[in-house]
There are 2 protein chains.
Amino acid sequence: MSEAFQVLAEPARRQILDLLRERPRLVGELTERLGLPQPSTSKHLKALREAGLVRVGRDGTRRWYRLCPEPLRAIDRWLAPYRRMWESSFAALERHLDSMPDDDDDPPAKEPT
Amino acid sequence: MSEAFQVLAEPARRQILDLLRERPRLVGELTERLGLPQPSTSKHLKALREAGLVRVGRDGTRRWYRLCPEPLRAIDRWLAPYRRMWESSFAALERHLDSMPDDDDDPPAKEPT
DNA sequence: CGAGTATATGCTTGCAAGAGAATATATTTG
DNA sequence: CAAATATATTCTCTTGCAAGCATATACTCG
């Protein structure tokens, strides 16, 4: 699962998956939407392929990429036991605990994406 | 969210979170359970802190680390639209498509962890 | 204050990975 | 075969860790 997390850490790659969620796409299509140079797109797609997150099909000179959600499913399964932490009735208590001051040397930085 | 994915790509850090899911723990406790040198544990904890995945509380010379699930929640939200892909009635069709041979230059490697 | 315990930080090294530019490969068309 | 199109690969450079070891800081107790 480490590889999936690693690959998903790149915003462009999550963007690709988001686009492929709608329907299969050509490399050129993705390149255009992402505003990246084509070689970059190809390299991201290679990473996604090696992680089993997408699959390719050739059609002459073009290649259709389509989503392959299995690795996401694995992540989802890992996440499951945590999900109950914010779905349970303890949510209110947790929010209370989280609002309590504790010494945090590294305040979580606000991240744009 | 990129930072959370990045941090979770390390198996030891996911292990730490799994231990903290049960209850808050001391650094020494985590170090022992993970079988890592203590400085490594501290460094992993620092990464988790900076990603907002854990919080610390001091008690004299000891530090209690506890889970902070918010960033996981963000990942869960990103995952949500994909979840329906394997929960829907299309699951059977997708399994069929996935079983079809397509030209895959990089067959997904079997990963131990 | 001095010693012991719990935790964090600094430094070095090796490696994986991202950006960017250039180029290679494969396929279709004329 | 030549040219055009779609996509992949290679190279160089730079940056970001992670491992491992040594050391620093902080707190407690006698």
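Predicted model, so just to flag it, every value in this text is computed and none were measured.
Among the heavy atoms of the strands lying under 4.0 Å from Q6(B) are primed sugar atoms or P, OP1, OP2 only; no base atom is included.
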Nucleotides 21-30 of chain D: protein proximity per nucleotide (B base, S sugar-phosphate only, - neither; heavy atom, under 4.0 Å)
BB----SS--

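Note that CG of L79(A) is 11.5 Å distant from CG of L72(A), once rounded to the nearest 0.5 Å. Taking CG from L30(A) and CG from L17(A), the interatomic distance works out to 10.0 Å, rounded to the nearest 0.5 Å.
Under 3.5 Å, the side chains of Q6(B) and S2(B) contain no donor-acceptor pair of N or O atoms.
Taking the six-membered ring where tryptophan is involved, the planes of F5(A) and F5(B) are tilted, since the angle between them lies from 30° to 60°.
Atom CG in L30(A) sits roughly 15 Å away from atom C1' in dA8(D) (whole-Å rounding). Atom CG of L45(A) and atom P of dA17(C) are 17 Å apart (whole Å). Whole-Å rounding puts the L48(B) CG to dT7(C) P distance at 16 Å. As a whole-Å value, the separation of E50(A) CD from dT9(D) C1' is 12 Å.
Of the residues in residues 20-28 of chain A, those with a non-hydrogen atom less than 4.0 angstrom from any atom of DNA chain D are L26(A), V27(A), G28(A).
Listed by chain and number, the residues in a side-chain hydrogen bond (donor to acceptor under 3.5 Å, both in side chains) with R23(B) are E29(B) (sequence neighbours excluded).
The two atoms that bring L8(B) and R14(B) nearest to each other are O-NH1, 2.6 Å, heavy atoms only.
I16(A) and W64(A) fall into different hydrophobic clusters, where Ile, Leu, Val, Met, Phe, Trp and Tyr are joined by side-chain heavy atoms under 4.5 Å apart, directly or via other members.
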side-chain contact (heavy atoms from CB on, under 4.5 Å) between T31(B) and L26(B), worked out
CA-CA 9 Å; T31(B) 295; L26(B) 298 172; over 6 Å; no

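Checking dT9(C), dA8(D), dA6(C) against every side-chain atom of R49(B), the shortest atom distance belongs to dT9(C).
If you find the closest nucleotide of DNA chain C to R13(A) and to S42(B), the one lying nearer the 5' end belongs to S42(B).
For the OP1/OP2 pair of dA8(C) and a distance below 4.0 Å, the side-chain nitrogens and oxygens of Y65(B) include at least one atom meeting the criterion. Contact between the side-chain N/O atoms of H44(B) and the OP1/OP2 oxygens of dA19(D) is found at a separation under 4.0 Å.
By the 4.0 Å N-to-carboxylate-O rule, E87(A) lies too far from R84(A) to be salt-bridged with it.
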